[in-house]
Undergrad: 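This is the structure I have questions about; it appears just below.
Counting begins at 1 with the first residue of the sequence.
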Amino acid sequence: MTPAVASSSDLAATEREPLLRRDDESDVSKKSYASVDVRAVSLVEEQDEASRLEEIPDHKRQLGLLSTASLIFNRVIGTGIFATPSVILRSSGSVGLSLVMWLLGATVALCGTAVYMELGTGLPRNGGEKNYLEFIYRRPKLLVTCIYAMYAVLTGWQAASCSVFGEYALHALNPSQTPSPTTARLAGVLCITVALFLHGTMLKAGLRIQNTLGLFKLFVLIGIALSGLASLLKVKGFKLENPPHNFEWDRMWEGGLQGGANAFVTGLFNVIWCFIGYSNANYALAEVRDPVRTFKRAAPLAMLSVTLVYMLVNVAYLAVVDKEEIVGSGRIVAALHFGKLWGVGAERAVSVIVAFSTLGNILAVLFTHGRVVQELGREGVLPFSSLFASNKPFGAPFAGLFEQWLVTSALVSLVPPGDAYLFMLNLSSYPLALINMFVSGGLLFIHLPDDWLPKRLQELRASYNWRPPFKAWTPVVLFFFLSNIFLVAVPLMPPSRGYRVYESLPYWLHVLVAWSISLGGVGYWYVWCVWLPRRGGYTLVREWVRDDDGTTRRVVRKVKAT
């Protein structure tokens, strides 16, 4: 089925008009103006969107089913499944309730996967949420693009993972010595530097390593799950002398909700963040072979695999380690699991596993978010847009990848220790909830029956002409929308007495920074699209052009008003 977009005539009318029209203007889009350093071509708006998608050169479509699924799998699985089960068990108070919380988190993630499958199959382009926000929130032009650009450029999406990689990689090399914060930071920066050169100069090699790490994680988690089941079944070599009794029915629910509703909400919040990453392939769909068919298979495959191994690994942990030991220990639960089965010396393997898992996460996030920056360059939104839009000289968006490397390295190097990891994690996670809330809310509006909308809104909704190859069930979209309202609202509530989000920072700091980035995007849009044109007596006009490699992009031009 053809991707659902507005008709070709609607697109032509939309793209040829000025971004912000003044009352005294004529049709300035027909005026002549200085050329740019690209080869001008016929406006792509004269074709339909399906034709535009078909114009992407075949050599750009290098992602198959495994690579596409790996982008999601590697993004979702970082350090969460190795470390957070103890936090979640502590928050829930009981073994049974903690497993219920993991099921709730999986439900939210699978609903989010369905939402992004609908949006991705309807608009199979690079850029992810940028495309969906632009498609849904069309006026004022470029406002949502500028806001999203601020998040894409200023947020160090891999910063927290780089910090974790540095700590665990150094611990794996020398378990007897705790690495200094400075050395761990340098190792984190070195990690993302290697990722930059892999994805920026050796694209195929980077993808092979990324896919290999995804398979490594899958086999490791399956191994942990099987070892736990073998312990439950008392298989020779896995049988424990004093096994825990976590799955006895009376003990399984003992202590549930003892921390109150606030603790439960905090635990559920952590579970949901363990599943974040289901939208990662949406950022690079223009580079997927047969994107609609491949994405419809890859996204469910990746997320169902994640959900299954998450649940089995949690069962494995609880089959080997007693509840009280998990709750009371400051070590990650994977280390406890390995130590119980194979002795304390085996715990070194956990550091190796977590380091490689985090490296896969960093590679997957850098690969996709470098392409988001490139797509913003292709829209003409960023300064030096032609540089960010280019794939020269290595056939990869090196400028976009470098921008992500620069911001991430700066955060890893400059944010003070103590609260650094959690603050960087929240600073990348909270904006995702904000974006998901607006994306799913807009899609819910498109899904609503006509009877629920006034006539004017019915006409607006009809203008979307939305007929994607895959359509999520409306209650699924509603549930995902409400879950993201929850994720946006909960951090605004003061924590319960005796609980601190950060050691020294105010609990609301990452929320303030996230909303400030949004306001910065509004300010950037106003200055660039309203204030400067009025002051300079010109109008901004967009035109499609084609680069030397055959890809198309937009150029924003200044046209003097007569």
Side-chain angles (χ1 to χ4, degrees), residues 1-23 25 45 48-50 108 111-125 127-148 151 279 282 379 431-489 492 515 518-519 521-522 525-526 529-530 542:
M1 187 179 291
T2 301
V5 293
S7 66
S8 58
S9 59
D10 291 339
L11 283 170
T14 300
E15 297 301 333
R16 286 174 179 162
E17 66 179 338
L19 297 180
L20 292 168
R21 183 177 293 279
R22 291 160 36 136
D23 294 338
E25 290 181 47
E45 299 88 356
D48 61 23
E49 189 74 6
V108 172
C111 289
T113 303
V115 166
Y116 276 92
M117 283 177 63
E118 174 171 345
L119 293 164
T121 56
L123 296 168
R125 291 178 265 169
E129 297 100 341
K130 181 196 80 68
N131 300 317
Y132 316 143
L133 292 168
E134 286 177 338
F135 180 78
I136 297 168
Y137 304 99
R138 299 178 178 181
R139 302 285 178 177
K141 286 188 176 181
L142 286 184
L143 176 58
V144 294
T145 309
C146 290
I147 296 173
Y148 186 80
Y151 283 116
S279 63
N282 292 67
E379 291 291 336
L432 285 176
L434 276 174
I435 293 167
N436 284 339
M437 182 178 71
F438 283 102
V439 167
S440 57
L443 185 61
L444 182 63
F445 167 71
I446 296 176
H447 272 240
L448 290 177
D450 286 341
D451 295 343
W452 293 19
L453 300 172
K455 186 175 182 181
R456 183 177 178 182
L457 291 181
Q458 290 180 24
E459 294 172 353
L460 172 63
R461 202 260 303 281
S463 70
Y464 291 118
N465 192 26
W466 183 243
R467 293 189 299 272
F470 174 87
K471 193 165 185 178
W473 193 31
T474 301
V476 166
V477 181
L478 174 62
F479 180 78
F480 186 62
F481 174 60
L482 294 176
S483 70
N484 280 284
I485 292 178
F486 163 79
L487 292 175
V488 169
L492 299 173
W515 282 103
S518 296
L519 293 175
V522 174
W525 169 83
Y526 181 81
C529 294
V530 181
R542 287 195 295 185

Undergrad: Do other residues, nucleotides or ligands put more than 12 heavy atoms under 6.0 Å from the OH atom of Y151?
TA: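 Result for OH/Y151: enclosed.
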
Undergrad: What are the two closest non-hydrogen atoms of H447 and V477, and how far apart are they?
TA: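 Heavy atoms only, the tightest pair is CE1-CG2, 4.1 Å.
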
Undergrad: Check whether any side-chain heavy atom of N436 lies under 4.5 Å from a side-chain heavy atom of E129, and answer yes or no.
TA: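 Of all side-chain heavy-atom pairs linking E129 with N436, at least one is under 4.5 Å.
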
Undergrad: Flag the pair L434 / W515 as yes when at least one side-chain heavy-atom distance between them is below 4.5 Å, and no otherwise.
TA: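 The answer is yes, as the side chains (C-beta and beyond) meet within the 4.5 Å cut-off.
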
Undergrad: Would a 4.5 Å heavy-atom cut-off, applied to side chains only, mark W525 and I147 as touching?
TA: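 No, their side chains stay 4.5 Å or more apart.
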
Undergrad: P468 and G122: which non-hydrogen atoms are nearest, and at how many Å?
TA: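 Answer, listing the atom of P468 first, then G122: CB-CA, 3.9 Å.
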
Undergrad: Heavy atoms, side chains only, cut-off 4.5 Å: are L123 and F135 in contact?
TA: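 Answer yes - side chains close enough.
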
Undergrad: Would you indicate whether the side-chain heavy atoms of T474 and L444 approach each other to under 4.5 Å?
TA: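 A side-chain contact exists here, since the closest heavy-atom pair is under 4.5 Å.
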
Undergrad: So, taking the atom named CG in L119 and the one named CE in M117, what distance separates them when rounded to the nearest 0.5 Å?
TA: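 L119 CG to M117 CE: 11.0 Å, rounded to 0.5 Å.
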
Undergrad: Quick one: closest heavy-atom pair of G442 and I136, and the distance?
TA: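 Heavy-atom minimum between the residues: CA-CG2, 3.6 Å.
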
Undergrad: Can you say whether the rings of F438 and Y137 are parallel (under 30°), tilted (30 to 60°) or perpendicular (over 60°)?
TA: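 F438 and Y137: perpendicular rings.
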
Undergrad: Atom CD in E118, atom CD1 in I446: separation rounded to 0.5 Å?
TA: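 Between atom CD of E118 and atom CD1 of I446 there are 7.5 Å.
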
Undergrad: Find the distance between CG (L143) and SG (C529) and round it off to the nearest 0.5 Å.
TA: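 L143 atom CG to C529 atom SG measures 8.5 Å (nearest 0.5 Å).
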
Undergrad: Side chains of R138 and Y464: does their closest heavy-atom pair fall under 4.5 Å?
TA: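 Yes, at least one pair of side-chain atoms sits under 4.5 Å.
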
Undergrad: Give the minimum heavy-atom separation between A114 and A472, together with the two atoms involved.
TA: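 That closest heavy-atom pairing would be O-CB, 3.8 Å.
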
Undergrad: List the atom of F479, the atom of C111, and the distance in Å for their closest heavy-atom pair.
TA: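 F479 and C111 have their closest heavy atoms at CD2-SG, 3.6 Å.
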
Undergrad: Got a second to check how far S483's OG is from L478's CG, nearest 0.5 Å?
TA: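 Reported to 0.5 Å precision, the distance equals 9.5 Å.
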
Undergrad: Considering only heavy atoms from C-beta outward, does the side chain of E134 approach that of Y148 to under 4.5 Å?
TA: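 A side-chain contact under 4.5 Å is absent here.
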
Undergrad: Atom CG of L453 and atom CG of L460: how far apart are they, to the nearest 0.5 Å?
TA: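 Rounded to the nearest 0.5 Å, the CG-CG separation comes out at 9.0 Å.
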
Undergrad: With rounding to the nearest 0.5 angstrom, report the CG to CZ distance, N484 to F486.
TA: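 That separation rounds to 10.5 Å.
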
Undergrad: What I'd like to find out is whether the side chain of Y132 reaches to under 4.5 Å of the side chain of L443, using heavy atoms alone.
TA: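 Side chain of Y132 against side chain of L443, heavy atoms only: no contact under 4.5 Å found.
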
Undergrad: How far apart are the closest heavy atoms of N282 and G120, and which atoms are they?
TA: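 Minimum heavy-atom separation between N282 and G120: ND2-CA, 3.6 Å.
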
Undergrad: Is a donor on one side and an acceptor on the other found under 3.5 Å between the side chain of R461 and the backbone of L448?
TA: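 Side chain of R461 to backbone of L448, a donor-acceptor pair under 3.5 Å: yes, one is there.
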
Undergrad: Evaluate the ring planes of Y116 and F480, with Trp represented by its six-membered ring, and classify them as parallel (under 30°), tilted (30 to 60°) or perpendicular (over 60°).
TA: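 Y116 vs F480 ring planes: perpendicular.
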
